Engineer: 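What follows is a single structure, and I will ask about it in a moment.
In this chain, numbering begins with 1 at the start of the sequence shown. Fair warning: this is a prediction, and the values are worked out from it, not measured in the lab. Atoms within each ligand, like the ligands themselves, are counted from 1 in listed order.
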Amino acid sequence: MTPSRPTLVLLYQRVGLPWLFDSAERAGIDLVLVPRPDEQVDPDRLPAAVVELLPLDVAADPSGALEALRKRHEAAPFDGIVTLYDPFVPFVAEAAELLGLPGIGPDVARSAQDKRVMRERLEAAGLNVPRFVRLDPSDDPAACVAAAGLTFPVVVKPALGMSSLGVTRADSPTTLGAVVAEVRRVSAGTADGGAGLIVEEYLDGPEFAVESLVHEGRVQILSIGFKGDPRGPYFEESVYQAPAELPEAVRADVVREVSAAHAALGVTFGPTHTELRLRGGTVPHLLEMGARIGGSGVSHYIAENVTGIDFAGQALRLAAGLPPTHTVEEGLTRPVAAAANYIVPCGGHGTITSVHGLDELRADPRVDHVVQMLVPGDVVRPYPDFTGYPAFVLSRHSDLAEAERFHAHLETAVRIDYAPTTSEENPS
Ligand code: ADP
């Protein structure tokens with residue numbers, strides 16, 4: 001009898017994004033896909049690794065979803081459960097614990113997701129943290145910020161937010177109240193309805209993303225990539241270029257800070273995606289760490305092309321309780337090439353009439369994927385509301401300078417035209 005193939009339940013991964021599915025296929029892992037409710041999945045055109053669809057509404061009925069997973073596991077046991085969708089990282093950790101599967105545990109999952117808990121744990125471990133304060137609905141923002149001794153400018157954000165939704169800079173005590181009210185309005189759709197906020201000092205300096213793989217507490221940093229230097233008041237994502245060019249001492253500080261943050265938050269297993277800024281240009285301060293592969297798999301694309309290591313394949317093996325096929329060594333992996341992601345900016349708002357430049361990019365040999373999310377007819381609301389990013393362009397390059405030149409070209413090559421939106425389409 002042939003041994004059965006390892007099987008993972010994969011929550012909320014878009015089938016339109018190929019990376020996870022391709023890595024699972026290469027790793028010989030079968031996937032039971034819980035599709036996103038907002039994506040139409042054709043059962044006849046599933047990625048090869050997907051052997052079953054298991055529709056569950058985790059957001060609306062988490063205990064019902066847990067019970068359905070328990071029943072599915074009882075009927076036909078699976079080896080692990082995994083997601084790249086940040087809001088469900090705690091749910092996945094809880095399900096894994098309930099079913100006796102590999103996982104980080106719900107407490108660690110929450111510490112990597114709730115920005116208040118994360119700041120407290122990093123601070124307790126003596127890591128670099130800007131001054132911060134929690135803000136509950138009944139709190140007076142100006143009084144709390146003054147009592148905590150924060151220096152302006154500050155950044156106000158939902159504690160359970162994602163994708164920069166609602167994250168807003170406030171430059172003075174006089175504008176703070178209005179900014180807090182606006183952040184609450186914009187983040188009403190987050191896990192706690194935008195009730196819990198955090199206010200922290202603005203970290204001036206360039207931003208970086210760090211992709212890591214953790215096995216038995218050893219943190220291997222696969223890549224450090226440059227993420228631009230957004231100044232606010234809203235923080236739209238723009239570029240991701242890896243490997244970043246950094247002075248050796250700063251690079252060593254980033255590696256130390258990110259490795260120590262894993263220990264502080266208790267993440268001893270799996271993939272992570274960390275974002276940080278170099279305060280004053282040199283001192284790494286974490287913005288957040290996600291206990292998952294970042295960017296719906298974009299982090300895998302970057303890490304794999306920078307290092308030659310199949311990041312998602314290794315992460316999926318760990319989630320299935322299998323040892324990695326590659327030795328996870330502490331510290332930073334030597335880059336072998338460069339990779340980049342260009343996030344097409346909305347560049348306006350209204351009803352999209354055309355998106356220029358993407359067809360040419362699909363034919364460009366440097367470009368592996370053009371992932372288009374918004375198309376003509378879609379309505380883009382003005383900031384700070386977040387409609388979504390129009391498109392990603394993922395590309396490979398010989399070195400960072402070439403990736404930078406390519407992105408400079410994209411700034412003019414890709415353009416979106418809008419028509420004013422009628423009031424029925426945009427009632428607010
Ligand atoms: P989210 O989880 O919603 O993406 P983040 O905490 O990662 O929230 O913040 C989103 C973006 O906002 C960051 O990538 C960064 O550009 C900016 N940002 C957040 N906090 C700060 C801060 N304290 N100082 C400067 N920029 C910040």
Side-chain angles (χ1 to χ4, degrees), residues 84-90 109-120 122-123 127-135 145 148 150-171 176 179-180 182-184 186-192 194 196-211 224-241 244 258 261 265 272-281 283-292 294-296 298-299 341 343 345 383-386 388-389:
L84 277 64
Y85 183 60
D86 198 54
F88 289 175
V89 170
R110 265 190 300 277
S111 78
Q113 199 200 31
D114 185 322
K115 294 183 169 67
R116 297 163 295 192
V117 181
M118 186 195 69
R119 284 275 176 248
E120 282 160 7
L122 294 176
E123 186 173 52
L127 296 180
N128 299 328
V129 169
R131 274 193 218 121
F132 68 97
V133 65
R134 292 165 166 248
L135 213 57
V145 164
L150 270 63
T151 303
F152 281 83
V154 297
V155 174
V156 182
K157 45 189 171 179
L160 303 177
M162 61 180 285
S163 303
S164 302
L165 179 72
V167 179
T168 311
R169 171 172 158 153
D171 287 330
L176 183 66
V179 168
V180 166
E182 187 184 65
V183 173
R184 286 203 196 286
V186 173
S187 58
T190 58
D192 67 348
L197 302 185
I198 180 166
V199 184
E200 57 188 38
E201 288 180 346
Y202 176 78
L203 297 162
D204 65 314
E207 188 162 331
F208 296 84
V210 181
E211 314 301 349
I224 305 172
F226 176 64
K227 290 275 288 176
D229 188 358
R231 308 277 168 96
Y234 309 120
F235 297 89
E236 192 175 14
E237 287 202 49
S238 58
V239 298
Y240 187 174
Q241 300 157 347
V258 171
L265 300 181
T272 62
H273 171 75
T274 310
E275 291 176 357
L276 59 88
R277 292 193 105 149
L278 290 180
R279 197 174 202 175
V283 187
H285 282 64
L286 252 67
L287 290 163
E288 63 170 347
M289 180 189 290
R292 61 185 170 95
S296 304
V298 166
S299 294
N341 182 27
I343 302 178
Y383 263 89
D385 284 312
F386 177 69
Y389 293 109

Engineer: Using modelled atom types and a 3.5 Å cut-off, is there a donor and acceptor pairing between side-chain atoms of Ser164 and backbone atoms of Phe235?
Structural biologist: yes
Engineer: Within 45 degrees of the ring normal and closer than 6.0 Å to the centroid, is that where the cationic atom of Lys227 sits relative to Phe208?
Structural biologist: no
Engineer: Any sub-3.5 Å donor-acceptor pair from Glu288's side-chain atoms to Glu275's backbone N or O?
Structural biologist: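 It does not hold such a pair.
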Engineer: Please work out which of Ala159, Ser164, Gly228 has its closest non-hydrogen atom nearest to atom 10 (C) of ligand 1.
Structural biologist: Ser164
Engineer: Under 3.5 Å, is there a donor-acceptor pair between the side chain of Ser111 and the main chain of Ala109?
Structural biologist: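 Side chain of Ser111 to backbone of Ala109: no pair is present.
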Engineer: Can you name the atoms of ligand 1, numbered from 1 with element, that are less than 4.0 Å from a heavy atom of Glu275?
Structural biologist: 7 (O), 14 (O)
Engineer: Out of Lys227, Lys115, Arg277, who gets a non-hydrogen atom closest to atom 26 (N) of ligand 1?
Structural biologist: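 Looking at heavy atoms only, Arg277 sits closest to atom 26 (N) of ligand 1.
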Engineer: Under 3.5 Å, side chain of Arg116 to main-chain N/O of Arg134, donor-acceptor pair present?
Structural biologist: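 The answer is no, because no donor-acceptor pair under 3.5 Å joins these two groups.
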Engineer: Hey, is Arg169 touching ligand 1 through its side chain, its backbone, both or neither, going by heavy atoms under 4.0 Å?
Structural biologist: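 Within the 4.0 Å criterion, Arg169 makes no contact with ligand 1.
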Engineer: Using modelled atom types and a 3.5 Å cut-off, is there a donor and acceptor pairing between side-chain atoms of Arg131 and backbone atoms of Ala148?
Structural biologist: no
Engineer: Could you see which bit of Met162 sits under 4.0 Å from ligand 1, with heavy atoms only: side chain, backbone, both or neither?
Structural biologist: backbone
Engineer: Would you tell me which option among Met118, Glu288, Lys157, Glu207 has the nearest heavy-atom contact to atom 6 (O) of ligand 1?
Structural biologist: Lys157
Engineer: Which atoms of ligand 1 sit under 4.0 Å from any heavy atom of Leu203?
Structural biologist: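 Close to Leu203: 22 (C), 23 (N), 24 (N), 25 (C).
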Engineer: Which atoms of ligand 1 have any heavy atom of Glu200 under 4.0 Å away?
Structural biologist: 20 (N), 21 (C), 22 (C), 23 (N)
Engineer: Against ligand 1, does Glu201 come closer than 4.0 Å with any heavy atom?
Structural biologist: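 Checking ligand 1 against Glu201, which is what was asked, there is a heavy-atom contact under 4.0 Å.
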Engineer: Before signing off on this row, confirm whether Tyr202 and ligand 1 have an N or O atom pair separated by under 3.5 Å.
Structural biologist: no
Engineer: For ligand 1, is there an N or O atom under 3.5 Å from any N or O atom of Val155?
Structural biologist: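 No, Val155 has no N/O under 3.5 Å of an N/O on ligand 1.
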Engineer: Give a yes or no answer on whether the side chain of Asn128 reaches the backbone of Pro284 with a donor-acceptor pair at less than 3.5 Å.
Structural biologist: yes
Engineer: Okay, side chain of Tyr240, backbone of Gly228: is any donor-acceptor separation there less than 3.5 Å?
Structural biologist: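 Here the side-chain-to-backbone pair does not exist.
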Engineer: Using only atom types and a distance under 3.5 Å, with no angle test, would you say the side chain of Gln113 pairs donor to acceptor with the backbone of Asp86?
Structural biologist: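 Answer holds: yes.
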Engineer: Can a non-hydrogen atom of Pro230 be found less than 4.0 Å from any atom of ligand 1?
Structural biologist: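 The answer is yes, since Pro230 has a heavy atom less than 4.0 Å from ligand 1.
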Engineer: Using a strict 4.0 Å cut-off to heavy atoms of Leu287, name the atoms of ligand 1 that fall inside it.
Structural biologist: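 Contacts of ligand 1 toward Leu287, numbered from 1: 13 (C), 14 (O), 15 (C), 18 (N), 19 (C), 20 (N), 21 (C), 22 (C), 27 (C).
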